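Note that the structure is predicted; figures quoted are calculated from it, not measured. Residues take their numbers from the sequence shown, with the count starting at 1.
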Amino acid sequence: MSRQEKQEIIVFSVTAIILSSFICFVAYKTGNPNLSILSVFTPSVLALVYTAINKGTKGVDELFVKQTIKKTKFRWLLVSMLGIPFVASLAVLTSLNFELSKFSLRTSQLMLQVVVIILIALGEEYGWRGFLLPRLLKRFSLFSSAIILGFIWGFWHFPAYLIGTGVPLQMNFLVFLLWVVLGSLFIGWIYYYTRSVLTSILAHISANLAFNYLMLLPEFTGSMKSFWFFILYLSIVMLVVLYVGRKDLVKSSPGTLDATFAK
């Protein structure tokens with residue numbers, strides 16, 4: 001990792017959190033919490049700015065085009081789209097004692113929320129996975145990189161949490177942070193083997209869809225029961241993934257992404 005890349009990691013992370021804080025502060029002061037949605041674009045916009053300054057149009061093309069439009073094995077697309085919803089559905093079913101007749105969507109009004117969810121993923125993922133994660137991987141293993149990114153990503157949400165937007169409303173922030181770190185491990189695992197921001201976007205979209213349409217969050221169910229099952233099952237999944245792939249994901253030397261990409 002070069003000195004410039006170290007500086008980019010620090011400056012990018014700090015700037016993203018500061019911008020998120022500023023936007024949420026303006027939203028709070030103006031009494032318009034909807035303005036806080038603008039903070040979701042800060043990671044990708046910052047990635048665009050830093051990449052354009054340091055690597056020019058070639059770097060921008062690599063970030064926004066080549067990491068999106070590329071050949072990706074079908075199994076990774078499936079894992080990206082179905083992994084989190086499957087775990088979330090299992091958690092909901094567990095909380096219902098597997099009574100399938102009680103399983104239902106929270107709402108059938110899809111389109112408006114889907115558009116917002118897609119914009120959120122686009123606004124974040126080119127920053128978190130497209131820009132920041134590859135730089136962390138030059139120094140750390142996937143496990144360490146994803147944990148570091150998870151905490152940065154989590155605390156980036158904190159200003160929105162303070163004004164009651166952008167995160168589950170009836171959940172302790174530390175519990176939410178636990179989910180974000182687990183989510184970072186899950187999406188990071190997929191990115192590690194695909195180098196595709198598209199798979200990261202799909203995973204992010206599918207996670208937010210699960211949270212919005214399944215009876216999972218306490219603000220919809222009045223209880224943390226389903227969400228705790230979700231955390232438990234996702235933790236088990238990631239422990240299995242990290243154990244099976246420990247040579248690549250936990251013990252690998254920094255910068256080995258190219259060597260493992262073809263797997």
Requested in this report: Assess R106 against F220: is NZ or CZ under 6.0 Å from the centre of the six-membered ring, and within 45 degrees of the ring's axis?
Outcome: yes
Query raised in the report: Between R135 and F131, is NZ or CZ placed under 6.0 angstrom from the six-membered ring centre and within 45° of the ring axis?
Result: yes
Are any of the side-chain heavy atoms of [X] and [Y] separated by less than 4.5 Å?
X    : Y    : result
W189 : L249 : yes
I147 : L185 : yes
Q113 : Y213 : yes
K70  : R195 : yes
S235 : L182 : yes

Distance-only side-chain donor-acceptor flag, [X] / [Y], under 3.5 Å:
X    : Y    : answer
E124 : W153 : yes
Y233 : T94  : yes
S95  : W228 : no
S145 : Y192 : no
Y28  : S36  : no
T72  : T194 : no
Y191 : E125 : no

Query - Neighbour count above 12 (heavy atom, 6.0 Å) for F103 CZ - result: yes
Report task. Answer yes or no: does atom CZ of F74 have more than 12 heavy-atom neighbours from other residues, nucleotides or ligands under 6.0 Å? Result -> no
Verify, without hydrogens or angle tests, whether [X] (side chain) and [Y] (backbone) share a donor-acceptor contact under 3.5 angstrom.
X    : Y    : value
T199 : S196 : yes
N97  : E99  : no
K138 : K6   : no
S144 : F140 : no
S206 : A203 : yes
N212 : N208 : yes
S44  : G123 : yes
T51  : A47  : yes
T221 : L216 : no
S184 : V180 : no

According to a 4.5 Å side-chain heavy-atom criterion applied to Ile, Leu, Val, Met, Phe, Trp and Tyr, with indirect links allowed, do [X] and [Y] form part of one hydrophobic cluster?
X    : Y    : answer
F98  : L214 : yes
L46  : I201 : yes
M81  : L105 : no
L90  : L82  : no
I187 : L149 : yes

**Report entry** Approximate separation, where rounding is to 0.5 Å, of K55 NZ and Y50 OH
**Finding:** 14.5 Å
Query raised in the report: Do the ring centers of H157 and W128 come within less than 6.0 Å of each other?
Result: no
Query raised in the report: Does the ring centre of F230 sit less than 6.0 Å away from the ring centre of W179?
Result: yes
Query raised in the report: In terms of ring plane angle, is the pair F158 and Y161 parallel, tilted or perpendicular, where the classes change at 30° and 60°?
Result: parallel
